[in-house]
Amino acid sequence: MDYTERRLQGHPRIETVALPITAALRAWLDEPSLGERSARPFVIPPPPRLLSVAQENQITTPQETPLTGRVLRVGPSEAFRTIYSAAQLAQDGDTIEIKSGEYHADVALWRQKQLTIRGVGGNARLFADGKSAEGKAIWVFRNGRFLVENIDFIGARVADRNGAGIRFEGGKMRIRNCLFYGNESGIAASNSKNAALEIENSEFGYNGAGDGQSHNLYVGKILDLRVTGSYFHHANVGHLIKTRADNNYIAYNRLTDESGGRASYELDIPNGGSSLVIGNIIQQSRETENSTVINYGEEGYTWPSNHLYLVSNTVVNDHPYGGAFLRVAPGARKIISMNNLLIGEGKYHVPNIMESTNDIYADWEIFNQPQRQDYRLNDIGRKLAIQLQRDGASLNRDFYPKREYIHPRQTRPLVGPPEYPGALQRGKP
């Protein structure tokens, strides 16, 4: 009915007849309207507790960037008491080590060309508290090569309602083991045709201003986006991930809007490009204002190559009236869908160019505890392997999943061809 009412907008004569009917149906089904849902307050619970040293070590991959310059240490008893002061004096090649703890209204603009910035002894937690760098974000990065790890970005608010944890404006950036929570935008990456952004083992939750124009993660027209082992949830009307990048690698993540989330699309790739979406757990909540889970090309294809590969994902649609697991606008050159597990009401809305292999439609009964987003297969679900074995010869070896997501924000390796359809290959707990 949401879709029907949106289509009726702008047609006064039809609205006069049809809208009372949809209103009666909503009352009968006890289904709130879009206006009623948007009027409800979006509740942001306190951020998850600060990670201990042991937990941080479990999640973070080994440090791979050598210390090529000075080490500037930030903390209550260190040479630099504030992050801002370290940002002012840091030089190219330096490493900024921020002692675990809370830092309030300590925003920074990073002008350097090469930096490593990491929390030590656990995550460093940054609260915006009404402050921002250049009216944009808690941290703004101009243009360079950056590694940021073990940092939490919380509560960014600015005048244009797009306050980000990080504003990335150019260069190459790697984000690892970071939390983006309760901001108007988690990360906002500006248009920069040669830029590259990589996100590993990080969490994005409760971001969005509620206007549909800000998202958990927003990426402009950059060259490359890679997102792995990360957890996206509870967006406020915006998308869990929106990317305009030329090349997108979205692999082994959990994109679940869950109870109380209001994300529109779970994954939006509005300008096409070359995209591999593999091994993800993707779930749409019943509170969404948009019935599409994954969207590709809706705002026009702006890249020369427009290919989408959707492989070994578990896609769950909890919206009671169905929708589109995948919606593709006309103009794409190739759409390949293989070994996906599709749960709930819905179907693919894709031009006839799509090639589908071993995509399985099933119900929630195949999972351990779907109400808690535990989508590991139970005994019933593992019987789906029979069909996979029958079609296994058709699966492209190049697209065997190499890892699988483990909650929270970790992955583990897989060896050989997939045993089951979907993202989670090890069915038993």
Side-chain angles (χ1 to χ4, degrees), residues 46-134 136-157 163-169 171-183 186-187 198-203 409:
R49 61 189 178 88
L50 200 62
L51 293 181
S52 67
V53 176
Q55 290 171 314
E56 184 266 330
N57 288 337
Q58 287 177 357
I59 294 176
T60 304
T61 53
Q63 296 178 0
E64 300 171 4
T65 303
L67 303 180
T68 58
R70 303 173 303 167
V71 177
L72 282 62
R73 294 185 172 89
V74 179
S77 58
E78 301 293 349
F80 294 89
R81 301 295 182 89
T82 67
I83 299 166
Y84 172 82
S85 60
Q88 293 296 105
L89 294 179
Q91 299 174 6
D92 292 350
D94 286 348
T95 294
I96 315 296
E97 293 190 344
I98 305 172
K99 188 174 181 180
S100 176
E102 294 187 359
Y103 298 81
H104 292 265
D106 196 355
V107 302
L109 168 63
W110 304 92
R111 298 184 177 91
Q112 296 80 4
K113 294 299 182 183
Q114 182 176 351
L115 281 179
T116 295
I117 310 172
R118 60 167 59 103
V120 294
N123 277 36
R125 175 157 288 185
L126 280 55
F127 291 87
D129 287 354
K131 299 294 185 180
S132 65
E134 298 191 319
K136 297 176 182 177
I138 296 175
W139 284 0
V140 175
F141 290 85
R142 275 285 188 264
N143 187 3
R145 300 178 66 91
F146 306 103
L147 169 62
V148 178
E149 61 182 350
N150 310 335
I151 309 290
D152 297 349
F153 300 87
I154 300 171
R157 301 281 187 275
I166 285 179
R167 175 70 68 92
F168 172 52
E169 297 184 340
K172 298 184 184 299
M173 171 168 281
R174 189 175 188 184
I175 304 289
R176 191 160 61 189
N177 189 35
C178 290
L179 170 70
F180 298 85
Y181 195 92
N183 306 286
I187 294 178
E198 183 172 358
I199 298 169
E200 301 175 20
N201 306 104
S202 294
E203 181 175 347
R409 65 199 215 203

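Quick note: numbers below take in every heavy atom, side chains included, and nothing from hydrogens, waters or symmetry partners.
- To the nearest 0.5 Å, the span separating CG on Asp129 from CD on Glu102 amounts to 9.5 Å.
- In this structure, the side-chain contact (heavy atoms from CB on, under 4.5 Å) partners of Phe80, at least two apart in sequence or on a different chain, are Leu72, Val74, Ser85, Ala86, Leu89.
- Between Ile187 and Met173 the shortest side-chain heavy-atom distance does not fall below 4.5 Å.
- Taking the side chain as every heavy atom from C-beta outward, Lys113 and Asn143 approach each other to under 4.5 Å.
- Using a distance-only test at 3.5 Å, with no hydrogens or angles considered, a donor-acceptor pair links the side chain of Ser202 to the main chain of Cys178.
- Qualifying ring pair (Phe, Tyr, Trp, His ring centres under 6.0 Å) partners for Phe146, counting only residues two or more places apart in sequence or in other chains: Phe141.
- To the nearest 0.5 Å, atom CG of residue Leu109 and atom CD of residue Glu134 are 4.5 Å apart.
- Between atom CD1 of residue Ile151 and atom CD1 of residue Ile117 there is a gap of 7.5 Å, rounded to the nearest 0.5 Å.
- Rounding to the nearest 0.5 angstrom, the gap separating the CD atom in Glu200 from the CD atom in Glu149 is 9.0 Å.
- With sequence neighbours left out, Glu78 forms a side-chain contact (heavy atoms from CB on, under 4.5 Å) with Arg73.
- For Gln112, the side-chain hydrogen bond (donor to acceptor under 3.5 Å, both in side chains) criterion is met by no residue, not counting sequence neighbours.
- Panel note: side chain Ser132, backbone Ala137; no donor-acceptor pair is recorded below 3.5 Å.
- For the residue pair Asn177 / Asn150, a side-chain donor-acceptor distance below 3.5 Å is found, with atom types taken as modelled.
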query = Going through the checks in order, is the side chain to side chain contact (heavy atoms under 4.5 Å, CB included) test met by Val148 and Phe153?
reply = CA-CA 11 Å; Val148 178; Phe153 300 87; 4.3 Å; yes
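- For residues 111-133, every residue pair satisfying the ring pair (Phe, Tyr, Trp, His ring centres under 6.0 Å) rule, not counting sequence neighbours, is listed here: His104-Phe127.
- Side-chain contact between Asn183 and Ile138 is present, with at least one heavy-atom pair separated by less than 4.5 Å.
- The neighbour count for Arg157 CZ, taken as heavy atoms of other residues, nucleotides or ligands under 6.0 Å away, is above 12.
- For the pair Gly165 and Ala156, the tightest heavy-atom approach, listed with the atom from each and the gap, is N-CB, 4.3 Å.
- In this structure, NZ on Lys131 lies 15.0 Å from CG on Leu126, to the nearest 0.5 angstrom.
- For Ala87, the side-chain contact (heavy atoms from CB on, under 4.5 Å) test picks out Ala108, Trp110, with sequence neighbours left out.
- Under the rule for a side-chain hydrogen bond (donor to acceptor under 3.5 Å, both in side chains), Arg111 has no partner lying at least two apart in sequence or in another chain.
- Checked by atom type and distance alone, the side chain of Arg125 never pairs as donor or acceptor with a backbone atom of Gly101 at under 3.5 Å.
- Judged as a salt bridge (Lys or Arg N to Asp or Glu O under 4.0 Å), and not counting sequence neighbours, the contacts of Glu169 are Lys136, Arg142.
- Partners of Tyr181 under the ring pair (Phe, Tyr, Trp, His ring centres under 6.0 Å) rule, at least two apart in sequence or in another chain, are Tyr206.
- Atom CD1 of Ile98 is separated from atom CD1 of Ile83 by 4.0 Å, given to the nearest 0.5 angstrom.
- For Ala79, there are no side-chain contact (heavy atoms from CB on, under 4.5 Å) partners two or more places apart in sequence or in a different chain.
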